[in-house]
Student: 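Input: one structure, supplied below.
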Amino acid sequence: MVISMDKSTEVFYSSTRDSSKKIQASQAILQGLSEDGGLFVPDHIPTLDKSLKELSEMGYKEVAYEVMKLFLTDFTKEELSDCIKKAYDSKFDTEVIAPLTEAEGTYYLELFHGATIAFKDMALSILPHLMITSAKKNNAKEQIVILTATSGDTGKAALAGFAGVEGTKIIVFYPKNGVSPIQEKQMVTQKGDNAYVIGIHGNFDDAQTGVKQLFADKELEKQMKENGLRFSSANSINIGRLVPQVVYYVYSYAKLLKEGKIADGEKINVVVPTGNFGNILAAFYAKNMGVPIAKLICASNENKVLYDFFSTGSYDRNREFVLTSSPSMDILISSNLERLIYRIAGNDAKKNAEFMTSLSQNGSYAITDEMKAQLEDFYGNYASEQETADRIKDLYEKTGYVIDTHTAVASAVYEKYKKETGDGTKTVIASTASPFKFTRSVMNAIDTKYDSMGDFELVDELSKLANVKVPNAIEEIRTAPVLHDTVCDKTEMKATVERILK
Ligand SMILES: *Cc1c(COP(=O)(O)O)cnc(C)c1O
C-alpha cells in the first residue's frame, strides 16, 4: 500500500479519535496522549528528500537528522541536531549505534547497544531531549515529572534516558516481587539526583492502575502546578518515541546498500518481534517514506492476538494471557495498532473511535473487507515457546550467533514465512534485546544443563559460548551499590509521590 503523499513540507498532528484539532509536533510530544484517549498521528507521511544513495554515505546521527526533520517540522535545525547529539553518544557501545550482523544470509539489525541493552533505548535516549525542547518551545515553564509503572524493561530504559536530564524528574514504580532479579538490580542501582525508584507491594496491574490514578488526580495536578511541576508519560504511544524508531529502518537499508549487499531500489523484507506494535509501525512509516520494503512480517509469541487479527480481520483480546520467555511481547492490547486502524479506515477518526469503543467495551472489533484489503503488505505469524527455544539452539549450532528470546520469535516466524511462501527476498530481522538480558532462557534453550547455575555465572558462560564481551550494562550491576530501597503499599503511591516532590 502506498499512502498518498502530500508535497507540503509541514507536518501537523491530530488525534486518531478526533481529527478536528491539528497541533504541531512539539505539542504532541509534550502532551503524549490526546485528551480524547486517541493517539497523535501525522497528517501525512513525509517522503525522504535525500536519495538512499546519499543516505548510505551518512552516519547514524546524520540519518537520524534527515528522517526526524521531516516529521518534527517545528523544530529548528539546531534544536533537533542538539537532541540527536545528546542521545546517540557514548551511552551506546558502538559508534555505528545499530549494527547489522549477517547469519544464514539474513541480516540481524542489533538495536540493543544502548544503556539498557534493549531496543527501547533507541527511542528513550532521545525522548527526554525532545521533551524538554518541546517544553521550551511552548513556553511550558514547569519542570517535567515522568511517572512510569513498569513490569521490568521500560522502567530501566526510561530511567537511563531521563537520569541527569535537567528540567526533569523521573519516578518509576515496579512490583516488588514481580520483576526478575537482574531487572530489579538494574533499576535500584540507577544513578542520578532526579531519579526515584519505588517497589510496591502489589503486582504490575496495581502499579499501572496507581499511576493512571495519579495522572487523573485533579487535586494533585493543581498542587503540582503551584510548585512549578507537570506530569508527563514516557510510554510508547508518544509520537516522540515512534519517530526515532523510523530512523534505523532507513539506516539499515542505506547500510546494506553501502556494503553492496543489495542494489539501489532492491526491495527487502523486514521482520519485527511485536508487542505494542510501535516498532513495526515505524517500519511501515519508513516504507511509506520511500524505503523499498516489500513485506512487513509481524511476529508474535503465544499471545498471538496480532496473528489472529492479520488472518481474520478480527481483533479479540478475550483470551488467556500467557507468560512467555519473551515477556516484553506479552501483550493483549497492542496500543499502536490504533494508528494503523485509523489509516486503513481512510483517516476516519469517527470510524476508528467506534472500533476502539468496541475494544474497550467488548474486548474486540472486526474491520471491514475494504480495510483488510489494505493490509496486504503485512504478514503475521507466531512462534510457540518450543519453536522459540529451538530457533535459538539451531541458529547457535549452525552459526555460533546467539540471539535473545524476542529476536528468536521473529527468526522462527521468518523460517515459517520462507517455508510457506518460498520468498527469497533479502531480509532484515529487528533484534530487540541482547541475549545477556534474558540469559537464563537463552542458555536453557541451548542446553538444559545450565539450569542449575546462578545468574552471573550464566552471564560468564554465555560470554564464552557466544564469544561476546559481557555488556557494560550487566558488568555494572554486578557490583553497583543499591541506591533505591523505598517500598510502599499500593495505597501509598500518592503520598510517596507527594513526599518526593516536596
Ligand atoms: C518492547 C519490546 C518489544 C516489542 O516492541 P513493540 O514496539 O512494543 O511492538 C520487543 N522486544 C523487546 C526486547 C522489547 O523490549
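Excluded from the calculations below are hydrogen atoms, water molecules and symmetry mates; all remaining heavy atoms, backbone and side chain alike, are included. Keep in mind that this is a model prediction, so the values were computed, not measured. Note that ligands are numbered from 1 as they come in the structure, with each ligand's atoms numbered from 1 the same way.
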Student: For the 3.5 Å polar cut-off, considering only N or O atoms, please tell me whether His406 and ligand 1 meet it.
Tutor: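 N/O-N/O distance below 3.5 Å does not exist for this pair.
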Student: What atoms of ligand 1 come closer than 4.0 angstrom to any heavy atom of Thr274?
Tutor: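 Matching atoms, with element in brackets: 9 (O).
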Student: Would Tyr315 and Phe355 count as a close aromatic pair, with their ring centres under 6.0 Å?
Tutor: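 Judged by ring-centre distance (under 6.0 Å), Tyr315 and Phe355 do not meet the cut-off.
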Student: Looking only at heavy atoms, which two atoms of Ser15 and Phe40 are closest? And how far apart?
Tutor: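 Scanning both residues, the minimum pair turns out to be N-CD2, 4.1 Å.
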Student: Could you check whether Thr407 and Asp404, counting side-chain N and O atoms only, form a donor-acceptor pair closer than 3.5 Å?
Tutor: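 Short answer, yes.
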Student: Starting from atom 11 (N) of ligand 1, locate the nearest protein heavy atom and write down its residue, its atom name and how far away it is, to 0.1 Å.
Tutor: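 Protein heavy atom with the smallest distance to atom 11 (N) of ligand 1: Thr432 OG1, 2.8 Å.
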Student: Is there a nitrogen or oxygen of Ala118 sitting under 3.5 Å from a nitrogen or oxygen of ligand 1?
Tutor: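 For ligand 1, there is no N or O atom that lies under 3.5 Å from one belonging to Ala118.
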Student: Looking at ligand 1, does any of its N/O atoms fall within less than 3.5 Å of an N/O of Asn276?
Tutor: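 Yes, Asn276 has an N/O under 3.5 Å of an N/O on ligand 1.
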Student: Hey, would you say the Phe92 and Tyr88 ring centroids sit under 6.0 Å apart?
Tutor: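 Phe92 vs Tyr88: aromatic centres under 6.0 Å.
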Student: Atoms of ligand 1 less than 4.0 Å from Gly278 heavy atoms?
Tutor: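 Checking each atom against Gly278, I get 6 (P), 7 (O), 9 (O).
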Student: To which protein heavy atom is atom 3 (C) of ligand 1 closest, and what is the distance rounded to 0.1 Å?
Tutor: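 That would be Phe119 CE2, 3.7 Å.
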Student: How far is atom 15 (O) of ligand 1 from the closest protein heavy atom, and which atom is that?
Tutor: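 The closest one turns out to be Lys120 NZ, 2.5 Å.
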Student: Which atoms of ligand 1 have any heavy atom of Pro273 under 4.0 Å away?
Tutor: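 Reading through ligand 1 atom by atom, the close ones are 4 (C), 10 (C).
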Student: Is it the case that ligand 1 has an N or O less than 3.5 angstrom from some N or O of Gln245?
Tutor: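 No, there is no polar N/O contact under 3.5 Å.
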Student: Give a yes or no on whether the ring-centroid distance for His406 and Phe438 is below 6.0 angstrom.
Tutor: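 Centroid separation for His406 and Phe438: below 6.0 Å.
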Student: Indicate, with yes or no, if the rings of Tyr108 and Tyr401 have centres closer together than 6.0 Å.
Tutor: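 Tyr108 vs Tyr401: aromatic centres under 6.0 Å.
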Student: Starting from atom 7 (O) of ligand 1, find the nearest protein heavy-atom neighbour and note its residue, name and distance.
Tutor: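 Its nearest protein heavy-atom neighbour is Asn279 N, 2.9 Å.
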Student: Flag this pair as yes if the NZ/CZ of Lys120 is under 6.0 angstrom from the six-membered ring centre of Phe112 and inside a 45 degree cone about the axis; otherwise no.
Tutor: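 No.
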Student: Does ligand 1 come near enough to Phe277 that some N or O of the ligand is less than 3.5 Å from an N or O of the residue?
Tutor: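 Yes; at least one N/O pair falls below 3.5 Å.
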Student: Determine whether the side chains of Arg339 and Asn336 contain a donor N or O and an acceptor N or O closer than 3.5 Å.
Tutor: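 Note: Arg339 and Asn336 side chains meet the donor-acceptor criterion.
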Student: Under 4.0 Å, heavy-atom basis, I'd like to know which part of Lys437 is in contact with ligand 1: side chain, backbone, both or neither.
Tutor: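 Answer for Lys437: neither.
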Student: How far is atom 4 (C) of ligand 1 from its nearest protein heavy atom, and which residue and atom name does that atom have?
Tutor: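 Looking only at protein heavy atoms, the one closest to atom 4 (C) of ligand 1 is Gly275 N, 3.6 Å.
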Student: Any luck finding a side-chain donor-acceptor pair between Glu95 and Tyr60 under 3.5 Å?
Tutor: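 Checked: Glu95/Tyr60 side chains show no N/O donor-acceptor pair below 3.5 Å.
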Student: If you define the side chain from C-beta out and look only at heavy atoms, does anything of Phe436 sit under 4.5 Å from Leu462?
Tutor: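 Answer yes - side chains close enough.
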Student: I need the atoms of ligand 1 closer than 4.0 Å to a non-hydrogen atom of Ala433, numbered in the order shown.
Tutor: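 So the answer, numbered in order with elements, is 13 (C).
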